[in-house]
2 protein chains.
Amino acid sequence: MELGSNRKSRMISLLRNANVRITDQRIALLSVISEANDHPDVLELQKRAKKICPSISLATVYRTLLSFLESGVVHRNSFEGGGARYEMAKEEHHDHIIDVDTGEVVEFNSDIIENLQFEIASKMGYDVIHHRLDLYCRKVSK
Amino acid sequence: MELGSNRKSRMISLLRNANVRITDQRIALLSVISEANDHPDVLELQKRAKKICPSISLATVYRTLLSFLESGVVHRNSFEGGGARYEMAKEEHHDHIIDVDTGEVVEFNSDIIENLQFEIASKMGYDVIHHRLDLYCRKVSK
DNA sequence: TTGATTGCAAAGTGTTTGCAATGAG
DNA sequence: CTCATTGCAAACACTTTGCAATCAA
């Protein structure tokens, strides 16, 4: 599959900002992540990236994800059961609802909860470095 | 190490309630979990259980933990990095502060956050089955 | 040209499982 | 006696790593 030159150059400038060498593998992987809205796992990411860059190996996916993680471009989620799932890093933090039946992930955020967390931690003598709030849910039957 | 007969019979009655056969391995493991207040991982649990029942194998620890989990006696936490960590199931739900420097875990709870979670999920058409709120923190330097 | 990046295969973790032997009820 | 439970070793799923070949800069 060909990557639109529009999208491709957007990926390249993101990679430039992250200060890493521009390779087809990295362009493909980043493109796939930025296009996804379903928090894919590593195997799924490789599968999708292969459509753009057929040679990309699992090892490269893992290594590249780590580098993206370190440069803050992507975010890693470790939900219960199964491997890590990735998404583009967003401006504001958000939390996740995980559908226990389908594995589907929905994002939400609550400034109130956010603030309460910091308050509680602070009261106990801690600075919050990062945090996660996962709601494992089932769709309400109508 | 010998187990006090007091503690031992308390473990046995817990196991009776859970409807499983009483074995030395199960008594040892349950005793170790109920004594711990540091959310030990599987290897650490085996190490401690071996002091009471030297023959206990890793496989048995894993299998027994699963059975305890299913009968609701213990609770499993999957914090970032490293394997699962266990604790006795408690009456009321609580959340965790994980010290990113030491791995130390502190419990806290907030009814307000709890309620907000249910409200949000409900508004989005979900029932909350279970949930986790982990604050990865650093001690405030004085 | 030169060091970063890649693919491959091997190794590393944490966890589960098949099987024959053991032991609780 | 009988079936649940155990220890062992092998298998598993996910992730990392050593190495020689390749490729971006």
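Quick caveat: nothing in here was measured; it's all calculated off a predicted structure. Proteins come first, then strands; the chains are lettered A, B, ... in the order of their sequence lines, and each starts at number 1.
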How close or far is atom [atom2] of [N] from atom [atom1] of [X], stated in whole angstroms?
{"X": "A/Leu69", "N": "D/dT15", "atom1": "CG", "atom2": "C1'", "result": "13 Å"}
{"X": "B/Gln46", "N": "D/dT6", "atom1": "CD", "atom2": "P", "result": "13 Å"}
{"X": "B/Arg26", "N": "D/dG7", "atom1": "CZ", "atom2": "C1'", "result": "14 Å"}
{"X": "B/Ile56", "N": "D/dC8", "atom1": "CD1", "atom2": "P", "result": "12 Å"}
{"X": "A/Leu29", "N": "C/dT6", "atom1": "CG", "atom2": "C1'", "result": "14 Å"}

(request) Examine C/dG7: is either OP1 or OP2 under 4.0 Å from a nitrogen or oxygen in the side chain of A/Thr60? Give yes or no. (result) yes

(message) I want to check one thing: is the phosphate of D/dG7, taken as OP1 and OP2, less than 4.0 Å away from some side-chain N or O of B/Gln25?
(response) yes

Apply side-chain contact (heavy atoms from CB on, under 4.5 Å) to [X] and list each qualifying residue two or more places apart in sequence or on a separate chain.
{"X": "A/Glu80", "result": "A/Tyr136, B/His130, B/Arg132"}
{"X": "A/Arg21", "result": "A/Arg26"}
{"X": "B/His96", "result": "B/His39, B/Asn77, B/Phe79, B/Glu87, B/His94, B/Ile98, B/Val105, B/Glu107, B/Asp134"}

(message) Before you tell me yes or no, could you show the steps for A/Phe68 and A/Thr64 under side chain to side chain contact (heavy atoms under 4.5 Å, CB included), namely the whole-Å CA-CA distance, both residues' side-chain angles and the distance that decides it to 0.1 Å?
(response) CA-CA 6 Å; A/Phe68 286 173; A/Thr64 306; 3.5 Å; yes

Going by atom type alone, with no hydrogens or angles, which donor-acceptor pairs under 3.5 Å involve a side-chain atom of residues 4-15 of chain A and a protein atom two or more places apart or on another chain?
residue : atom : partner : partner atom : Å
A/Arg7  : NH1  : A/Ser31 : O            : 3.3
A/Arg7  : NH1  : A/Ser31 : OG           : 3.2
A/Arg7  : NH1  : A/Ser34 : OG           : 3.2
A/Ser9  : OG   : A/Ser5  : O            : 2.8
A/Ser9  : OG   : A/Asn6  : O            : 3.0
A/Ser13 : OG   : A/Arg10 : O            : 3.1

(message) Do B/Tyr86 and B/Leu45 make a side-chain contact, defined as non-hydrogen atoms from C-beta onward lying under 4.5 Å apart?
(response) yes

(request) Any salt bridge (Lys or Arg N to Asp or Glu O under 4.0 Å) involving residues 43-60 of chain B? Give me the pairs, sequence neighbours left out, ordered by first then second residue. (result) B/Asp38-B/Arg48, B/Glu44-B/Lys47, B/Glu44-B/Arg48

(request) Just grab all the salt bridge (Lys or Arg N to Asp or Glu O under 4.0 Å) pairs involving residues 116-131 of chain B, residues at least two apart or on different chains. (result) none

(message) Under 4.0 Å, counting only non-hydrogen atoms across every strand here, what does B/Leu43 touch: a base, just sugar-phosphate, or nothing?
(response) nothing

(request) Would you give a per-nucleotide map of nucleotides 15-25 of chain C, 5' to 3', where B means the base has a protein non-hydrogen atom under 4.0 Å away, S means only the sugar-phosphate does, and - means neither? (result) BBBB----BBS

(request) Please list, chain by chain and in numerical order, all residues satisfying side chain to side chain donor-acceptor pair (under 3.5 Å) with A/Asp111, sequence neighbours excluded. (result) none

(request) State, to the nearest 10°, the angle formed by the axis through the first five base pairs of the helix from C/dT1-D/dA25 to C/dG25-D/dC1 and the axis through its last five. (result) 30°

